[in-house]
Structures are given as structure tokens and as C-alpha cells.
Trainee: 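Got a structure here, written out as C-alpha cells. Questions coming.
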Amino acid sequence: MEDVRDSFASPPCGHASCFSAVTGKTPESKVFPAGDTKAVARLPVSLSALDLASSDMEGEREDESSPRGVVEDCVRSLESETGSSKASTSGSEAQPKANNHWHGFFRLLKGSNLKRFYTFSASSVLSRRKSGSFREKQSRAINSPEETDLHPLKPSWKNFTFSELQTATNNFSAENMIGKGGYAEVYKGCLQNGQLVAIKRLTRGTSEERTATFLSELGIIVHVDHPNTAKLIGYGVEGGMHIVLQLSPHGSLASLLHGPKEKLEWSIRYKIALGTAEGLLYLHESCQKRIIHRDIKAANILLTEEFEPQICDFGLAKWLPEQWTHHTVSKFEGTFGYLAPEYFMHGIVDEKTDVFAFGVLLLELITGRRALDNSHQSLVLWAKPLLDKNDMRELADPSLTDYDPQQMRHVMSTASLCTEHSSLLRPRMSQALQLLRGDEGILESTKQCHRPSLQRTYSEELLDAEEYNLTKKYLNDVSQHKQIALEF
Ligand SMILES: Nc1ncnc2c1ncn2[C@@H]1O[C@H](COP(=O)(O)OP(=O)(O)OP(=O)(O)O)[C@@H](O)[C@H]1O
């Protein structure tokens, strides 16, 4: 069963990055001839770097947002728990389980005989944040040795053999397939101990690209631990790249909102809005690393038995070092219908990129419509005039027989602010969460973003400085966006 994804968008997976696969053209040249390309540096990273030998590449050291950096960091953390890296590579019997675990992982990766497995498109971001943030303070606290001891990385992930994964999934049978994304097929599996899992098998791209996606996703997911993020159980690198996750019995939000199943009632939608906001707030401000997800959408929100939302698919996620205001990409990835204007115009990635996508997700919850419909109509463009008029009746999903009008109003005003063209006017996730809960007082401070008490992101400052004609430019951009989607 194919997951109900953005099949209406082209290419079929809806990913901006898939244009090259469909057309042979690079998304950069075709889709987004965006601004700041000078600063972009493509930094090749060799697999041998995973030996944790010191790198002589200045850029590699600087770009700690790279998946390699994150995985390395993870391994380093595990090594520092147990002693030197030399000792840990010796294969000593006395090694703690976690170390064996990761070295097994890297041995297997090397076994796949990849030389250079990843180029990532990152820019060095020269401008620095103006002032110390709450998060910086928090991060300093978290990075202190005492605190690190309090947050040990969980050493319990299992390295599955291919035959274990085959047995669990009935040899990856079609009946066991529960989802399909732009990068992977996902199979339901039952482990030997009876535990139900979802096994994400990376299928798209060259083996190097698959390894890159795999490391990127794994590098992030090992660092996150929150009720509203997907739970990692293990991985497998024999016979392809596999990520083993806790199974979400209801599948993704997209499959429930847009699939043939019974429609979600309002109280569940409201719960999903709050839980997703909590998960994003955690990624942006509270987890060990400042993480920008970059692909928030209904297909990437899984639902537990109790309909608690869990953010999944960290394949595009970026870890931004604290002192960076933003990140600039030259390779555009993400999903049409959810892309923030500053991202597709300038390639700028920061927290507000996720806030915009979250706003689109809220509009999906309110209206039951897709981010881009079958005729490639943008949900944001359709909803904006109705949000401005506060037209609840027209906006609310006709399949909703009943809803709490007050909650609906909170979600509407949050969606409206989160999808503002100017990132300056979008709330941060902490503010969005307050808005969703009905704290209207936050509205004033959200609108008065020039107040020094509100920390501003790089994209906010950029847009503020440019002072361009927001409405006209936005409509042009969106129509260009729509045109591109129609061409394929
Ligand atoms: N843990 C899980 N439990 C149940 N279903 C899952 C789970 N993980 C993924 N799925 C299903 O598989 C689909 C694809 O998964 P995922 O988004 O991780 O793949 P992907 O190829 O990385 O997708 P994308 O194109 O968004 O990058 C999800 O939308 C969901 O329907």
C-alpha cells in the first residue's frame, strides 16, 4: 500500500530534490535560481573520516551541522564514556556493548566499500547571532560535563542482520509494505521477541546517496528523545540501509486525513496540533542540538495508539550550531506546498522554515485539504483570504460534524501567523504553542517583532532589511512554484 503522499505534486514524491531524477535537471538550476550561492561550499567527506582520525579540512570541522558531524559526535560520546578511541577500535572483549555496537556499524559501512559517500550542500554562515539566547544558555548548561553525564546516549539500538529483517517482514513482502516515501519503502515487521516495528528500507538513489540519507537520518534520530518524536529501535546495513523504528499503529497523519479511512474527529486533530508543536519546540529549543527538521508535513507525522503525534523522517534535518543564525542550502529539498518563501527564494534554513511548514500542517488539520491539491492549488493561497476574514465555516473541513469553535479559532490564528510570508511575522514554536493553547496575549508580542525581547532569526533580519513588496513578490513566487509543478 502506498502511503497517501503528495502524489498530486510533481514529481510524484513531491520532493523538490526529485526534479533532477524526473527531469535530469538539477533543482537548483531549474527551480530555484536563488540568491546567496557565493557562500555555498560543497564539502566532500570521505568515509575514512568516520575512523575519527582528525580531519585536516577546516570546513569539515566547522560544519558541525553535517550528518557525519552528528554521527561522529555520537561515536565520540560513546567512546568518551568508555575510554580512548584506540582502545575501542581494538575489538577488546571488555568493551561495553554500546561501543561494539557502533564499531560494528562502521565496520559494516566500510564493508560496503564506499570511498566517498557524501557531499552535503552547506554554507558557512558568517553572521552571528546578535545576542545570547535562552537556548545558548541552555546548550552551555547541557554541554557541561555534569550535564552530559545526565544525558547519556542510549546504547540500546540493535544492529540487525539482513536475515533478521527478512524474517521480520516476511522477506519484505508487498503485504507488509505500509508506506513509501521519496527515499524509502517502509515495511511492517515483527521481531523475534514479538515487538512490532516499522522497517525503513532506503531504496532511492545511488548507494552513496542512500548511505548519506541513512547517516543523516540516523545521526539526528539518535540525538532526539521526546514523546513527540519517532522512536529508534535499531538499524541494519547488510543488504542495504535499514532503519528500524517503533511501529505507529495508525500510520501517518496524511493517511488518516487524506486516505479512505474514517475521518479524524476534531479533538484528535487538536491533540495532534499541540503534540506536533511540542515536538518541534523540543527540536528547536530543548534537545541537545538545535535541529531544523526541514520536511514537516502530514506524511511525516506518525500517530501512536492514543493518537499522540510523533515527528519522523529526519533525512533532511539539519543540526545548526548555536552561533549560526541560519543555514543556506544550494540543493533544494523538502516538499512542495510546505516550503517557506525565504527557503525557495534564498535557500535560507532556520527555525522559521519549520514554522511555515507547521502552519501548512495546521491548515490541513482545519480544512482536511492537502497542501497542494490535484490541480496544484496551494492550500496557503486558498486559505489566506478566508483566514483574514476569520471565515471558520468556509475553512472547516466539511467532514467534521462537530468541533470546539474556540479551539478552531486558536488553530486558525496560529496557522495564519505561521504561514506569514515574512518570517519576521511568524511566531517561534514556543509562541505558536501558546497561541494554540489560547494565550491570545502572545499575539501582540508576535506582531511587534521589533521588540528587543524577541529573539530574531537571520531570515527575519534579511526580510526586514529588504522591505520588498511582500504580497506581490509572494504571489509571483508561488505562481512560479505552481508553474514548475505543472510542468512535470
Ligand atoms: N514507524 C512507522 N510506523 C508506521 N508507519 C510508518 C513509520 N515510519 C514510516 N511510516 C510510513 O511510511 C511513510 C514513509 O516514511 P518516511 O517519511 O520515513 O520515508 P521517506 O522516504 O524518508 O519519506 P519522504 O519522502 O517524506 O522523505 C510514512 O509517511 C508513513 O506512512
Side-chain angles (χ1 to χ4, degrees), residues 1-19 21-22 67 168-169 172 176-191 195-205 209-221 224 228-235 240-261 272 276 279 293-305 307-318 331-339 354 357 360-361 364 370-371:
M1 182 192 80
E2 185 151 337
D3 175 51
V4 183
R5 300 171 43 93
D6 301 321
S7 52
F8 39 86
S10 292
C13 66
H15 276 102
S17 62
C18 296
F19 273 100
V22 175
T169 57
F172 295 97
N176 283 49
M177 198 198 279
I178 51 173
K180 193 172 179 180
Y183 299 95
E185 288 169 356
V186 180
Y187 294 83
K188 182 177 176 173
C190 182
L191 301 180
Q195 183 177 14
L196 290 175
V197 292
I199 299 170
K200 183 168 170 176
R201 185 185 203 188
L202 301 187
T203 48
R204 203 181 141 251
E209 285 164 349
R210 285 197 296 274
T211 309
T213 307
F214 177 71
L215 284 181
S216 177
E217 177 146 17
L218 208 57
I220 297 282
I221 205 168
V224 302
N228 298 111
T229 56
K231 300 284 165 284
L232 180 71
I233 288 171
Y235 58 88
M241 304 284 159
H242 303 90
I243 296 175
V244 182
L245 298 160
Q246 224 171 53
L247 182 78
S248 293
H250 296 294
S252 74
L253 172 61
S255 61
L256 289 189
L257 264 186
H258 309 307
K261 295 183 198 158
I272 291 170
T276 307
H293 185 281
R294 295 211 301 150
D295 203 13
I296 290 297
K297 59 178 176 180
N300 286 341
I301 305 298
L302 300 172
L303 299 168
T304 68
E305 191 67 60
F307 291 97
E308 196 60 57
Q310 292 188 325
I311 298 170
C312 75
D313 191 0
F314 292 88
L316 296 185
K318 289 278 175 211
K331 184 180 178 192
F332 289 87
E333 296 164 304
T335 304
F336 286 114
Y338 295 87
L339 304 178
D354 283 348
V360 180
L361 187 94
E364 287 185 89
R370 294 171 185 272

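Read the numbers this way: they start at 1 and go in the same order the structure lists the ligands and their atoms. In this chain, residues are counted from 1 in sequence order.
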Trainee: Does any N or O in the side chain of H293 come within less than 3.5 Å of the main-chain N or O of C312, such that one atom is a donor and the other an acceptor?
Mentor: yes
Trainee: Looking only at N/O atoms, are N300 and ligand 1 under 3.5 Å apart anywhere?
Mentor: yes
Trainee: List in chain and number order the residues that pass side-chain hydrogen bond (donor to acceptor under 3.5 Å, both in side chains) with Q246, two or more places apart in sequence or in another chain; answer none if no residue qualifies.
Mentor: none
Trainee: In ligand 1, which numbered atoms sit nearer than 4.0 Å to a non-hydrogen atom of A198?
Mentor: 1 (N), 2 (C), 3 (N), 7 (C)
Trainee: May I ask you to decide if A212's main-chain N or O and S216's side chain share a donor-acceptor pair within less than 3.5 Å?
Mentor: no
Trainee: Numbering the atoms of ligand 1 from 1, which are under 4.0 Å from a heavy atom of S248?
Mentor: 1 (N), 2 (C), 3 (N), 4 (C)
Trainee: If the cut-off is 4.0 Å to any non-hydrogen atom of G182, which atoms of ligand 1 fall inside it?
Mentor: 21 (O), 23 (O), 24 (P), 25 (O)
Trainee: Can you tell me if E217 and Y235 form a side-chain donor-acceptor pair at under 3.5 Å?
Mentor: no
Trainee: So, does K297 sit close enough to ligand 1 that a heavy atom of it is under 4.0 Å from the ligand?
Mentor: yes
Trainee: Report, in ascending order of atom number, the atoms of ligand 1 lying under 4.0 Å from any heavy atom of I178.
Mentor: 4 (C), 5 (N)
Trainee: Which atoms from ligand 1 have a heavy atom of D295 less than 4.0 Å away?
Mentor: 26 (O), 27 (O)
Trainee: Under 3.5 Å, N or O to N or O, is A299 touching ligand 1 that way?
Mentor: yes
Trainee: Please verify the inter-ring angle class for F307 with H250; under 30° counts as parallel, over 60° as perpendicular, anything in between as tilted.
Mentor: parallel
Trainee: Enter the distance from N300:CG to D295:CG here, rounded to the nearest 0.5 Å.
Mentor: 5.0 Å
Trainee: If we only count heavy atoms from C-beta on, is the L303 to P309 side-chain gap below 4.5 Å?
Mentor: yes
Trainee: Report the member of G179, A230, A298, A254 with the shortest heavy-atom distance to atom 13 (C) of ligand 1.
Mentor: G179
Trainee: Against heavy atoms of Y183, which atoms of ligand 1 measure under 4.0 Å?
Mentor: 21 (O), 27 (O)
Trainee: Hey, is ligand 1 close enough to A184 that some N/O pair sits below 3.5 Å?
Mentor: yes
